[in-house]
Number of protein chains: 2
Amino acid sequence: MDQIARTTKDFGNVLRQARKAQNLTQAELGSRAGIWQRTISNIETSASGAKVDTIFDLLAALNLELHIVPRSKIKPADLEDIF
Amino acid sequence: MDQIARTTKDFGNVLRQARKAQNLTQAELGSRAGIWQRTISNIETSASGAKVDTIFDLLAALNLELHIVPRSKIKPADLEDIF
DNA sequence: TTGGTTTATGATCTAGGAAGCATACTGACA
DNA sequence: TGTCAGTATGCTTCCTAGATCATAAACCAA
């Protein structure tokens with residue numbers, strides 16, 4: 001379960017994971033965050049490059065926050081591709 | 001030096017810090033990331049809600065990545081306002 | 001305080017995100 | 001296999017970020 005994002009694709013995956021971990025449907029999360037189910041679907045599937053405001057609304061609704069940190073040499077999620 | 005962001009304002013501040021820590025001007029960072037100085041200024045001052053793609057371009061140019069984590073009860077940067 | 005560097009900001013134009021509503025698809029389950 | 005919850009997606013309208021060029025304002029050092 002990796003919560004590191006370097007691309008919008010990563011980000012969509014992490015958001016979906018987080019949402020499911022909290023047993024929320026896209027619609028539920030949407031009404032919490034004031035965002036449409038349509039939009040959440042787009043973000044999770046990286047069908048569009050979302051706006052940062054939208055992202056922060058989602059993160060708040062999921063009680064998450066962003067930490068901006070130096071890149072580690074290898075992204076943990078990629079380890080399994082190596083070993 | 002806090003690298004936690006919950007709002008676009010936080011985010012702008014963190015980005016500015018990170019850029020300065022690497023001794024880059026907005027223009028330099030811009031040419032690295034393929035983004036206009038104008039745009040970076042907007043983002044750092046949160047004059048506009050940027051797009052996620054733009055953010056990831058900037059983070060890559062600064063060799064940073066995002067970690068999505070549960071919110072801590074108190075944002076470290078706010079401690080100084082309390083004590 | 002002046003000259004040079006860095007950052008902020010005005011204006012226009014285009015591409016595309018989100019709202020809003022509806023519907024199609026998909027997987028699970030009785 | 002028919003139903004239903006959940007997710008994907010079509011479409012139009014509105015709004016705005018970013019590109020692009022230009023200039024003003026702020027900062028800093030000599």
Side-chain angles (χ1 to χ4, degrees), chain A residues 1-68 70-71 77, chain B residues 1-66 68 70 77:
Chain A
M1 138 116 162
D2 122 67
Q3 57 256 53
I4 295 180
R6 293 183 177 178
T7 65
T8 53
K9 198 154 171 296
D10 290 344
F11 208 80
N13 291 334
V14 173
L15 279 181
R16 172 162 289 178
Q17 271 181 216
R19 175 177 62 78
K20 297 209 161 184
Q22 294 183 36
N23 280 307
L24 294 170
T25 66
Q26 292 179 344
E28 283 167 343
L29 175 56
S31 75
R32 253 194 219 195
I35 295 171
W36 292 81
Q37 179 264 323
R38 171 69 210 250
T39 300
I40 294 177
S41 172
N42 277 342
I43 291 173
E44 289 188 353
T45 58
S46 7
S48 75
K51 289 191 206 166
V52 177
D53 316 75
T54 310
I55 295 303
F56 278 116
D57 286 345
L58 281 177
L59 291 175
L62 289 167
N63 205 46
L64 298 172
E65 65 189 11
L66 292 184
H67 289 210
I68 298 93
R71 288 193 178 201
Chain B
M1 137 116 165
D2 118 68
Q3 57 258 51
I4 295 180
R6 293 183 177 179
T7 65
T8 54
K9 198 155 172 293
D10 291 345
F11 207 80
N13 291 334
V14 173
L15 280 181
R16 171 161 290 177
Q17 272 181 214
R19 176 177 61 78
K20 295 209 161 183
Q22 295 183 36
N23 281 306
L24 294 169
T25 66
Q26 292 179 344
E28 284 167 344
L29 175 57
S31 77
R32 251 193 220 194
I35 296 172
W36 292 82
Q37 180 263 321
R38 172 68 210 252
T39 300
I40 294 177
S41 173
N42 276 343
I43 292 172
E44 288 187 355
T45 58
S46 8
S48 74
K51 288 191 209 164
V52 177
D53 316 77
T54 310
I55 295 304
F56 278 116
D57 286 344
L58 281 177
L59 291 174
L62 289 167
N63 206 47
L64 298 172
E65 66 190 10
L66 293 184
I68 298 94

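Only heavy atoms go into these numbers, but all of them, side chains included; no hydrogens, no water, no symmetry mates. Per chain, numbering begins at 1; letters A, B, ... match sequence-line order.
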- Message: Please compare Ile55(B) and Gln37(B) by the position of their nearest nucleotide in DNA chain D and report the one closer to 5'.
- Response: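 Residue closer to the 5' terminus by nearest nucleotide: Ile55(B).
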Write down the distance between [atom1] ([X]) and [atom2] ([N]), rounded to a whole number of angstrom.
X: Asp53(A); N: dG17(C); atom1: CG; atom2: P; value: 14 Å
X: Ile40(B); N: dA17(D); atom1: CD1; atom2: C1'; value: 14 Å
X: Lys20(B); N: dT6(C); atom1: NZ; atom2: C1'; value: 9 Å
X: Leu29(B); N: dA8(C); atom1: CG; atom2: P; value: 13 Å
X: Lys51(A); N: dA19(C); atom1: NZ; atom2: P; value: 9 Å
X: Ile43(B); N: dA17(D); atom1: CD1; atom2: C1'; value: 9 Å
X: Asn23(B); N: dT7(C); atom1: CG; atom2: P; value: 11 Å
X: Glu28(B); N: dT5(C); atom1: CD; atom2: C1'; value: 11 Å

- Message: Walk me through whether Val52(A) and Thr54(B) qualify under side-chain contact (heavy atoms from CB on, under 4.5 Å).
- Response: CA-CA 9 Å; Val52(A) 177; Thr54(B) 310; over 6 Å; no
With respect to the phosphate group of [N], does any side-chain polar atom (N or O) of [X] fall under 4.0 Å of OP1 or OP2?
X: Thr45(B); N: dA8(C); answer: no
X: Arg19(A); N: dG6(D); answer: no
X: Ser41(B); N: dT7(C); answer: no
X: Thr39(B); N: dG18(D); answer: no
X: Trp36(B); N: dG18(D); answer: no
X: Arg16(A); N: dA8(D); answer: yes

- Between dA8(D), dA19(C), dT7(C), which one does the side chain of Ile35(A) approach most closely?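 Of dA8(D), dA19(C), dT7(C), dA19(C) is nearest to the side chain of Ile35(A).
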- Message: Looking only at the side chain of Arg38(A) (C-beta and beyond, no hydrogens), which of the listed nucleotides dG6(D), dA18(C), dG20(C) gets closest?
- Response: dG20(C)
- Show your working on side-chain contact (heavy atoms from CB on, under 4.5 Å) between Arg32(B) and Leu62(B) and close with a plain yes or no. CA-CA 9 Å; Arg32(B) 251 193 220 194; Leu62(B) 289 167; 5.9 Å; no
- Within the side chain of Glu65(A), is there an N or O that forms a donor-acceptor pair under 3.5 Å with the backbone of Ile4(B)?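 Checking the backbone N and O of Ile4(B) against the side chain of Glu65(A), no donor-acceptor pair under 3.5 Å is found.
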- Using modelled atom types only, decide if a donor and an acceptor are shared between the side chain of Arg19(A) and the backbone of Leu24(A) within a distance under 3.5 Å. yes
- Message: What contact category does Ala47(B) fall into here, base, sugar-phosphate, or nothing, at under 4.0 angstrom with non-hydrogen atoms?
- Response: nothing
- Task: For Gly34(A), answer base if it contacts any base atom (sugar-phosphate contacts may also be present), sugar-phosphate if it contacts only those atoms, and nothing otherwise; contact means non-hydrogen atoms under 4.0 Å.
- Result: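 Result for Gly34(A) = sugar-phosphate.
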- Message: I'd like to check Asp10(B) versus Phe56(A) (side-chain heavy atoms, cut-off strictly below 4.5 Å). Are they in contact?
- Response: no
